[in-house]
Amino acid sequence: QVQLRESGPGLVKPSQTLSLTCTVSGGSITTSYYAWTWIRQPPGKGLEWLGVIAYDGSTYYSPSLKSRTSISRDTSKNQFSLQLSSVTPEDTAVYYCVRRHGLRVGLGPPEEYDTWGQGTQVTVSS
C-alpha cells in the first residue's frame, strides 16, 4: 500500500523560499504511469494544483505559479520536493503531495488521485 508523507517547515517568512518534501513508501516514484503532484488549499478556499513530476522525471507547473515553482525528485530516497520562492501571506495553505494515475496538467477529476499525504500546514508570516 502506497503512503505519502509531507515534511518541511510550518512557518516561512515573506520573500523566502518554501521547501517541502514528500516521502513515498510502498511504491516507487518511477513506476509508470503515475504522476506525483503538489496541491494546496488556502484557508477558506478550494484546492489549487501547483505542479507535477511524472514517473519519467518530466515536470509541469501551474501557469500562475510557474515563475516561482520548482519540483524535483530524489529517486534514491523515493522522494519528491516542492520549492516555492518569494512567498507572501497568500501562499499560506495546507500543502498536499498526491499520487495521480496518468499525467495531466491541472486539477482534473478527483477520481484520478488515488493516494494523498496527510497534508502539512504552511504559514507565511513575519
Side-chain angles (χ1 to χ4, degrees):
Q1 181 180 354
V2 174
Q3 293 184 321
L4 284 69
R5 178 171 55 86
E6 305 90 351
S7 60
L11 180 64
V12 183
K13 294 185 184 302
S15 80
Q16 293 187 342
T17 296
L18 179 162
S19 296
L20 296 174
T21 295
C22 184
T23 300
V24 180
S25 59
S28 172
I29 61 173
T30 61
T31 300
S32 307
Y33 294 95
Y34 289 106
W36 305 91
T37 308
W38 287 99
I39 290 172
R40 71 181 181 183
Q41 186 167 28
K45 297 184 179 180
L47 297 174
E48 180 180 14
W49 184 86
L50 303 180
V52 60
I53 185 163
Y55 66 97
D56 61 357
S58 56
T59 54
Y60 302 88
Y61 302 109
S62 167
S64 64
L65 295 170
K66 185 176 183 179
S67 64
R68 299 197 290 129
T69 309
S70 177
I71 298 176
S72 59
R73 68 179 184 175
D74 185 336
T75 57
S76 67
K77 295 181 180 179
N78 215 35
Q79 295 175 332
F80 64 105
S81 298
L82 170 73
Q83 289 197 316
L84 183 66
S85 64
S86 304
V87 297
T88 72
E90 284 66 43
D91 294 308
T92 294
V94 178
Y95 285 75
Y96 298 92
C97 57
V98 194
R99 189 179 78 166
R100 185 177 194 172
H101 193 271
L103 179 61
R104 185 198 296 260
V105 175
L107 198 57
E111 56 266 25
E112 292 184 357
Y113 299 96
D114 64 6
T115 309
W116 291 69
Q118 81 281 5
T120 187
Q121 172 70 46
V122 178
T123 300
V124 179
S125 174
S126 55

Polar side chain donor-acceptor pair, Gln79 to Thr23, under 3.5 angstrom: yes
Ring centres under 6.0 angstrom apart (Tyr33, His101): no
Exam field: side chain Arg100 to backbone Arg104, donor-acceptor pair closer than 3.5 Å: yes
Leu65-Leu18 co-clustered via ILVMFWY side chain contacts under 4.5 Å: yes
Candidate pair Tyr95 and Leu84, rule side chain to side chain contact (heavy atoms under 4.5 Å, CB included), full reasoning: CA-CA 11 Å; Tyr95 285 75; Leu84 183 66; 3.8 Å; yes
Close side-chain approach of Ile29 to Tyr55, heavy-atom, < 4.5 Å: no
Parallel, tilted or perpendicular, as decided by the 30° and 60° cut-offs, for the rings of Phe80 and Trp36: tilted
Side chains of Tyr96 and Arg40 in contact at under 4.5 Å (non-hydrogen atoms): no
Atom of Arg68, atom of Val87 and distance for their closest heavy-atom approach: NH1-CA, 3.8 Å
Nearest atoms (heavy-atom pairs only) where Ala35 meets Val52: CB-CG2, 3.3 Å
Pair Ser86-Ser15, side-chain donor/acceptor within less than 3.5 Å: no
Thr123 side chain to Ser125 side chain, donor-acceptor N/O pair below 3.5 angstrom: no
Joint cluster assignment, Leu107 & Trp116, ILVMFWY side-chain distance < 4.5 Å: yes
Beyond-backbone contact of Val122 with Asp91, side-chain heavy atoms, under 4.5 angstrom: no
Thr59 versus Ile71, closest heavy-atom pair with distance: CG2-O, 3.5 Å
Heavy-atom closest pair, residues Ala93 and Pro43: CA-CD, 4.4 Å
Heavy-atom side-chain proximity of Arg99 to Val24 below 4.5 angstrom: no
Smallest separation among heavy atoms of Pro14 and Ser126, with atom names: CD-N, 3.6 Å
Stepwise side chain to side chain contact (heavy atoms under 4.5 Å, CB included) check, Ser58 with Leu103: CA-CA 10 Å; Ser58 56; Leu103 179 61; 4.3 Å; yes
Note, Glu48 side chain near Gln41 side chain (heavy atom, < 4.5 Å): no
Close side-chain approach of Tyr61 to Ser70, heavy-atom, < 4.5 Å: yes
Considering all heavy atoms, the nearest Thr115-Leu4 contact: CG2-CD1, 3.5 Å
Tyr60 side chain to Ala54 backbone, donor-acceptor under 3.5 Å: no
Same apolar cluster: Val124 and Val94, side chain cutoff 4.5 Å: no
Point-to-point distance, once rounded to the nearest 0.5 Å, from CG of Asn78 to OG of Ser25: 8.0 Å
Chi angles and distances behind the side chain to side chain contact (heavy atoms under 4.5 Å, CB included) call for Leu50, Ile39: CA-CA 5 Å; Leu50 303 180; Ile39 290 172; 5.8 Å; no
Distance-only polar pair, side chains of Gln83 and Thr17, donor-acceptor under 3.5 Å: no
Pairwise distance OG(Ser81) to CG(Asp74) - rounded to 0.5 angstrom: 8.0 Å
Spatial distance of atom SG (Cys97) from atom CH2 (Trp38) [nearest 0.5 Å]: 4.5 Å
Worked check of side chain to side chain contact (heavy atoms under 4.5 Å, CB included) between Thr75 and Arg73: CA-CA 6 Å; Thr75 57; Arg73 68 179 184 175; 3.6 Å; yes
Side chain proximity check, Pro42 to Thr92, heavy atoms < 4.5 angstrom: no
Side chain to side chain, Thr21 and Arg5, heavy atoms closer than 4.5 Å: no
